[in-house]
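These notes concern the structure reproduced below.
Scope of the values below: all heavy atoms of this structure, side chains included, with no hydrogens, waters or symmetry mates. Throughout, protein chains are lettered first and strands after them, A, B, ... in sequence-line order, and every chain is numbered starting at 1. What you see is a predicted model, and the numbers here were worked out from it, not measured in a lab.
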There are 2 protein chains.
Amino acid sequence: MQGNNHDDVRRHNLSIILRLVHRGGAASRAQLTRLTGLNRSTIGALVAELVERGLVEERTPDPTKLAGRPSPIVAASDRIVAIAVNPEIDAITVGAVALSGVVHRLIRYATPSSPSIAEAVTITAGIVAKLKRDLGEYSIIGIGVAVPGLVRASDGLVRHAPHLGWVDEPLCDLLAAATGIPVVAANDASLGVTAERYFGSGQGLTDLVYLNGGSSGIGGGLVIGGVAAGGQAGYAGEFGHTRVSDGIDTDSAGIAGTLEAEVTRHALLAALGLQAGETDADTLERALLASDSLIVRNLVNRQLDFLAIALASAVNMLNPQLIVLGGFLAALHAVDPERLNVAVAALTLPAAFAEVSIAPAVLGSNLLMIGAAELAFEALLVDPQQDRGNTTGLPLLGFRAADTAAPTFSTSQGHPLS
Amino acid sequence: MQGNNHDDVRRHNLSIILRLVHRGGAASRAQLTRLTGLNRSTIGALVAELVERGLVEERTPDPTKLAGRPSPIVAASDRIVAIAVNPEIDAITVGAVALSGVVHRLIRYATPSSPSIAEAVTITAGIVAKLKRDLGEYSIIGIGVAVPGLVRASDGLVRHAPHLGWVDEPLCDLLAAATGIPVVAANDASLGVTAERYFGSGQGLTDLVYLNGGSSGIGGGLVIGGVAAGGQAGYAGEFGHTRVSDGIDTDSAGIAGTLEAEVTRHALLAALGLQAGETDADTLERALLASDSLIVRNLVNRQLDFLAIALASAVNMLNPQLIVLGGFLAALHAVDPERLNVAVAALTLPAAFAEVSIAPAVLGSNLLMIGAAELAFEALLVDPQQDRGNTTGLPLLGFRAADTAAPTFSTSQGHPLS
DNA sequence: GTGATACGTTGCCAATGTCAACAAATCATC
DNA sequence: GATGATTTGTTGACATTGGCAACGTATCAC
């Protein structure tokens, strides 16, 4: 229950403009005027401040067919960069993502075994140090980490990452100390839903359920009423432990009859005769679609029916607009979307089912990079004036590398923003 | 994505002060200063505006033991009134609830049979007309209806109220036309969670799950991330249709093995040898606690275990701080809270279970009156300046009865606010 | 009664968005 | 190519609002 003062208005308006150009792509000043309802002169002043802070750039107007004075294009800067990190069992992936959506760098560092927390921090810090040098002229405003496990929202403590064997590890503090850059972390599936919500199949929706099927289990994330729902401590979205049967098989948490116990990637691979380590999501989907084995088909149907029970629970409880399926759940869905639809319809209230869609995730391998970068950008998007009070005259947005060697890009590719 | 201007700041600040004194009870100006972070002079100006609009009243300071000038007490007005309506199968209950929390009137109109939509509107409009006369000097700002069924949030259409037999009834429009007062409607359980959240056991919490057990089934409501989660169309919270077993019994929607199919008030009453129509929630709870029948105890245990499955799904999915149980679910809980706790713990992730509590609803029979009134107050709380632009000099907040007959109160009782 | 403390009130100030008038840049038409 | 219509950026005056400091006021402790 905080009161508003003038600074809040300015901050809010700057925040809205920055969010619009970051998430919606470049927009003309005239478009911003219409979208925000603010006055032309106000937009002019706000954009000027964002330009001065280096957060957006103004480009010459696009040639348009309309009469009238052309409006300059406002685009999020390529030079404001977040570092996205995703530690996994066999590799650590690090990306440098600009506010504009451009992925400047994408580095996958394979590890011989599942990294300990110390190894993960050391490896990441090393990659970050290199990125600092390479991206010397860019402002690195933060690091976002997508963790395959439970992450406490308040301080980024990794409560339990079963896959990696981490328990109660202060990942954020360690990585911040090792790099000198602010670090935020969250559950990977929560970040997946963030990415899908802003840049994927959930654009513009307010009530969104995301389920991701990974090799170690099923996780998910929620957007409810337009806000990412983390729950009290950030553990929301654990769909894998939803009860779907009276079976006795247990999941990773030792609970019987859950979605994660009944619907597994492992079982699908085994039925197909594929090796776990060598099969990515696309390969699995192609193999499932190509298979004419009755055993495989029966397994798929069985898993789809269990999945439907969990989705039905979510639909009845949350009345979402869209359910997004990622990982091997997307592959399952691709085999027989109609079966899933019918099964969910049979278990839900007609009114709630009427306007829900079930769709595969559209963002591919960059999903977690985009989500983790978004997490790191959030502080800046909430308050684009973070460096106010700075009297040095220098931009203080996050860390600025001292080294100014010309950057060379190994990867440079935009979000599917437009 | 709307921009802020000056009016928004003022509106927001007025809104916050009004919410504080409405939901938190009377507060001194000095307290408001501390709570909002606003300046003393600003609080003075804002409170003066609210007083002028008749929304709050300033009282002489309470005698305090502190040194210094005493601060006037700001309290929500008794004269700003919302009308709460709850149609049920055997009666229509109408209450007149003041912004201060005082319940000026509470009228239960018994109906010989389940009312049709036309009957419900006519009966309600009659009671409202009488309330208008009786409360002539008061401003009636709106009507809130708690409907036992699915209500579309966008326009208050009653999609399906199985208990009453209503399908796609434009209740809000009909009642607004019959009374001349703006009407809003929502699902009764959603309003229950609103009431519990602001005035009951969920005060100050941001993530809250509410399940209510009624004679016709099990409904519920959610507060997620501090906002009431209605889902895309307002149908969220239908916990009754969560799958809890592989059983073949079906619920009111024809779905088998759901919470509502396995956990019923009817079965409890039958085991106790009680009549449905004559047993209220308290009586049921006392009978359950007093019973030493093994059959009853086994049934209770069975129902508690099924309830635990549904609650565990909610905990894993939503990571709430509190689960509130109302109606006969509170009675079930009272019999053996520990059994329920243990059963939920066994089905949830330890991290998510660690900080969740399961508690009975504390608001009694006034629950829906308070929730429905809150729904009607919401527009005023969002924008206390609703009548700006009014040049007549008269207060235009909602309807003002023409008749000024001195009101006599049949019921006058405060919320459990303080 | 005196001082300390806490708080309301008042007048001035700074920040911000709005508005209206004007300038600039484009398209359509002649 | 000149002209008008249209759209938009720019500029300066303006209104509104909350912050702030000085002052006044009401209580308590001694």
Atom [atom1] of [X] and atom [atom2] of [N]: how far apart are they, to the nearest Å?
X: B/Ile43; N: D/dG18; atom1: CD1; atom2: P; result: 10 Å
X: B/Gln385; N: D/dT17; atom1: CD; atom2: P; result: 8 Å
X: B/Arg11; N: C/dG17; atom1: CZ; atom2: P; result: 15 Å
X: B/Leu46; N: D/dT16; atom1: CG; atom2: P; result: 16 Å
X: B/Asn39; N: C/dT9; atom1: CG; atom2: C1'; result: 11 Å
X: B/Asp8; N: D/dG18; atom1: CG; atom2: P; result: 12 Å
X: A/Arg69; N: D/dG9; atom1: CZ; atom2: C1'; result: 4 Å
X: A/Arg10; N: D/dT16; atom1: CZ; atom2: C1'; result: 16 Å

Listed nucleotide nearest any side-chain atom of B/Arg29, set D/dG9, C/dC7, C/dG8: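 Shortest atom-to-atom distance from the side chain points to C/dG8.
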
Is the A/Tyr138-A/His104 ring centre distance short of 6.0 angstrom?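 Ring centres of A/His104 and A/Tyr138 closer than 6.0 Å.
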
Should [X] and [Y] count as side-chain neighbours, where that means a heavy-atom distance under 4.5 Å?
X: B/Arg197; Y: B/Leu205; value: no
X: B/Thr36; Y: B/Ile43; value: yes
X: B/Leu208; Y: B/Leu222; value: no

DNA chain C: 5'-proximal contact among A/Ala67 and B/Ala67 (nearest heavy atom):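 Residue closer to the 5' terminus by nearest nucleotide: B/Ala67.
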
Toward the 5' end of DNA chain C, by each residue's nearest nucleotide, B/Thr33 or A/Arg40: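 Comparing both residues, the 5'-ward one is B/Thr33.
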
Just to confirm, is there a sub-4.0 Å distance from OP1 or OP2 of D/dT17 to any side-chain nitrogen or oxygen of B/Asn13?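 It does not, given that no N or O in the side chain of B/Asn13 lies less than 4.0 Å from OP1 or OP2 of D/dT17.
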
Have a look at B/Pro72 and say if it touches a base, only the backbone sugar-phosphate, or nothing, with a 4.0 Å heavy-atom cut-off.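 Sugar-phosphate, no base atom in range.
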
With heavy atoms under 4.0 Å as the rule, sort B/Ser71 into base, sugar-phosphate or nothing.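 Contact class for B/Ser71: sugar-phosphate only.
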
Nearest heavy atoms of A/Leu380 and A/Leu18, plus distance in Å: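 Residues A/Leu380 and A/Leu18, closest heavy atoms: O-CD2, 4.1 Å.
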
Kindly say whether, by distance alone, the side chain of A/Ser41 makes a donor-acceptor pair under 3.5 Å with the base of C/dC19?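 A donor-acceptor contact between them is present.
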
